[in-house]
Amino acid sequence: MKNLAFTVLSIIGLVVVTHAGTPTADVIMEKSQAAFYYAGTDMRTKVLMELVTDGGKKRTRVLSMLRKNDSKNRNQKYFLYFHEPGDIRRTAFLVWKYPERDDDRWIFIPALNMVRRVAAKDSRSSFVGSDFTYEDISGRDLSADEHTLLREEKLDASACYVIQSIPKSAMDYTKKLSWIDETTFLPRKEEYYDAQNKLARLFVAERIDIVTLGTGAKQSYPTVTKRTMKDLKSGHRTEVTFLGVDYDMGLDDGVFTERSLANPPSKWVQ
Amino acid sequence: MGSVNSKLLAVLLSSGVVTSVHAEGRAIDVHGFLLGAAALHTTGERPVGGQGGDFVLGEGRLRLDLGGRTASGKGSFSVRGDLSLDAISSDLKVDVREAHAGLSAGPMDIRLGRQIVTWGVGDLLFIADVFPKDWDSFFSGRPAEYLKHGVDGFRMTYSSDIVGIDFLTIPVFTSDTLPSSKRFTIFDPFSALGNWVEEKPGTTMGNTELALRVFRRVGGADLSFYVYRGFSRSPAVRPDSFQTRFYPRLTVAGSSGQGNLLSGVLSMEVGHYDFGAERAVDEPFIPNSQWRFLVGYQCQLWGDSTLGIQAYEEALTFRALPAVNPHPDRYRTVLTSRLTQLLRYQVWKLGLFAAYSPTDHDYFLRPEVSYKMTDSLNLSFGANLFGGTAHTTYFGQFDKSDNVFFNVRFDF
């Protein structure tokens, strides 16, 4: 039902775009979230995450990420499996995400061969010690911010919509400016401002690849394959690279269960 | 003898799978770590007849972790072993932590060999987890994974949306490793009676342990039911001419649930421990049967900080008190809390675990600080602090065994 409403909204949005010229901020943000977090029916990627301090000291995390969208609503399932570094190797997370309520989350602790539930962390908390928050990874509720289209602007030769988002309740940031690509609707740049209206965090999509499936390229998904989040106060930054992305592989629901945590399907996790 | 046989069997089976994995030209993953661990008494008191002076622990360990899968992913094996050098006793030991081979077919997973199994939802308080623990390692400051011993047996798991079934059969008995009297001051009500002998259940068909877990998600919560038929992993004493330490038969039935509640996780567990005392009229030294209850809640306080609290109760079901002085209380309550704080991009980890028993009037504190110097190198510093009004209760007996520990670990 929700998916139908979403489709209808998108069609209306498209009609509005065709006839009125410029979509509204809400429509742009919806399309952006769809392109960035909901692309395809499922997705698999191997992620290289580098945490770099001000002084250039690097820490590396390598993980496999599987995602599946629920066909009937906006629910999603995520499976994350850590390959590196050594002390978290074989640790796995399973998340069943519900936009309107707390996620169900489980962790697998390899040394004890144990699965337990974990408290749905504060979405503004850092993801495995990086500059990205859990919300940055899985998507923030669009209705939690007030969105305004400020202008259209070119960023590195790509036409972008510049959207201002102001959180409706108290957050670590008071204002966010997003540069949304007019063709792919992927965010190219995001600026997070603190309470003093100073730039606190900066997100940059360094590289966007068009991932096409099969011969004849029936379906193509523009994907941000390299992205950086920088904390301007500490000078610390996190660089995330997708080492290979696949979509629409027909991931079974069985992949997103407790069984996979202890025994990850080697077909998808290497 | 039984443990050597099962080690051999596990290693043979694993090498069979290793060979087949290797024959398919697939690489075998080799990982491991180098661990230096030391722990020192802080009280200045040393156990009677102890060794090592003020040292509770001083060792170097090399862990080798071999694992692999077949090309289809259906077969797998894992061998995890330690080579340890105990600086106090100058012992060089090989400790096979795990050695198993496994197969997955449809909804079934089977695993044969030595494997670590953890059940239940408690944090250092165990009801449904009837598997062997190594309290000596834990109270000596070895990393938390050393709390569990592997079991030698066969595990079969069936997974489906309707129900999950986890079944284990364990032919070889492994007891808990309790803190050694050589390194800890422990309360032994029979110490005045002289030397003792140990009587472990032999490896026979009748002594094979069976453990079953049936689980399913019900209304958003993870629900499990457990049944275990086997032996108690800590000994009871029969003060006959040999002061025999024996392991009474044990049957456990229990249940646990874990689910979300107000942005946190609520855990509940209940179990009945039947040591067969009612049936063995001529064994007054078998522990009384008991009920165990546990309620726990875990939530996030602020960024990168977690709090977990638990309330635990043991209730003896009486026929008569065992002839031990002092008598065990009918009810024993333990309250625990665990606070964890990660700092600076999760490079620093501060933790505090506290347990207090209002019925035993004793406590246990374990503060710990961890620093990840690099992705491979980790330093930890902590303490095990015990106290109590009596020196006969579970934590109180270790009052003079307070220690501080230090670990250095290099992962590869």
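Every chain is numbered from 1, with letters handed out A, B, ... down the list of sequences.
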When the 4.5 angstrom heavy-atom criterion is applied to B:Arg217 and chain A, the contacting part is side chain
Checking heavy atoms, do the side chain of A:Arg101, its backbone, both or neither come under 4.5 Å from chain B? neither
Chain A shares the most heavy-atom pairs under 4.5 Å, among B:Glu145, B:Lys148, B:His31, with B:His31
Can you say whether B:Tyr146 sits under 4.5 Å from chain A via the side chain, the backbone, both, or neither, judging by heavy atoms? neither
So, are A:Lys176 and A:Asp145 salt-bridged, with charged N and O less than 4.0 Å apart? no
I want to check a possible cation-pi pair here: B:Lys133 against B:Phe126, using under 6.0 Å from ring centre and within 45° of the ring axis as the test. yes
Among the options B:Gln258, B:Gln298, B:Arg409, pick out the one with the most heavy-atom pairs lying under 4.5 Å from chain A. B:Gln258
Parallel, tilted or perpendicular: rings of A:Phe79 and A:Tyr81 (30°, 60°): parallel
Among A:Ala119, A:Ser125, A:Ser130, single out the residue with the greatest number of heavy-atom pairs under 4.5 Å to chain B. A:Ala119
Most chain A-contacting option - heavy-atom pairs closer than 4.5 Å, from B:Ser104, B:Pro107, B:Ala144: B:Pro107
Most heavy-atom pairs under 4.5 Å with chain B, out of A:Gly86, A:Ala262, A:Pro265, belong to A:Gly86
For chain A, the option from B:Gly264, B:Gly73, B:Ser263 that forms the most heavy-atom pairs under 4.5 Å: B:Ser263
I want to check a possible cation-pi pair here: B:Arg213 against B:Phe167, using under 6.0 Å from ring centre and within 45° of the ring axis as the test. no
Look only at the side chain of B:Asp129 and the backbone of B:Phe131, and say whether a donor-acceptor pair between them is shorter than 3.5 Å. yes
Quick one: what part of B:Asp161 sits under 4.5 Å from any heavy atom of chain A, side chain, backbone, both or neither? neither
Using a strict cut-off of less than 4.0 Å between a Lys/Arg side-chain nitrogen and an Asp/Glu carboxylate oxygen, indicate whether A:Arg59 and A:Glu84 qualify as a salt bridge. no
Select, from A:Asp131, A:Ile88, A:Thr257, A:Thr53, the one with the greatest count of heavy-atom pairs under 4.5 Å involving chain B. A:Asp131
Out of B:Leu261, B:Val347, B:Asn378, B:Val121, return the one with the most heavy atom pairs under 4.5 angstrom to chain A. B:Val347
Honestly, the part of B:Arg63 sitting under 4.5 Å from a heavy atom of chain A is neither
At a 4.5 Å cut-off on heavy atoms, which part of B:Lys372 comes close to chain A: side chain, backbone, both, or neither? both
For this output row, return yes or no: ring centroids of B:Tyr226 and B:Trp119 closer than 6.0 angstrom. yes
If I measure from the heavy atoms of chain A, does B:Arg97 come under 4.5 Å with its side chain, its backbone, both, or neither? neither
Run the ring-centre check on A:Phe93 versus A:Trp106 and record whether the distance is less than 6.0 Å. no
With the threshold set at 4.0 Å, does a side-chain nitrogen-carboxylate oxygen contact exist between A:Asp42 and A:Arg67? no
Is the distance between the ring centroids of A:Tyr134 and A:Phe127 less than 6.0 Å? yes
Given that the side chain runs from C-beta out, which part of A:Ser234 has a heavy atom under 4.5 Å from chain B: side chain, backbone, both or neither? side chain
Go through the atoms of A:Asp231 and report whether side chain, backbone, both or neither lie under 4.5 Å from a heavy atom of chain B. side chain
With only heavy atoms counted, which part of A:Arg89 is less than 4.5 Å from chain B, the side chain, the backbone, both or neither? side chain
Indicate yes or no for a side-chain donor-acceptor contact from A:Ser260 to the backbone of A:Asn263 under 3.5 Å, with no hydrogens or angles considered. no
Max heavy-atom pair count under 4.5 Å with chain A, selected residue of B:Gly120, B:Gly308, B:Ser159: B:Ser159
If we define contacts as heavy-atom pairs under 4.5 Å, which of A:Ile109, A:Leu51, A:Asp102 has the most with chain B? A:Asp102
Return the orientation label for the B:Tyr345 and A:His236 ring planes: parallel under 30°, perpendicular over 60°, tilted otherwise. parallel
Heavy-atom cut-off 4.5 Å, strictly under: side chain, backbone, both or neither for B:Ser376 against chain A? neither
Check A:Asp253 with A:Lys77, please: is the shortest side-chain N to carboxylate O separation under 4.0 Å? yes
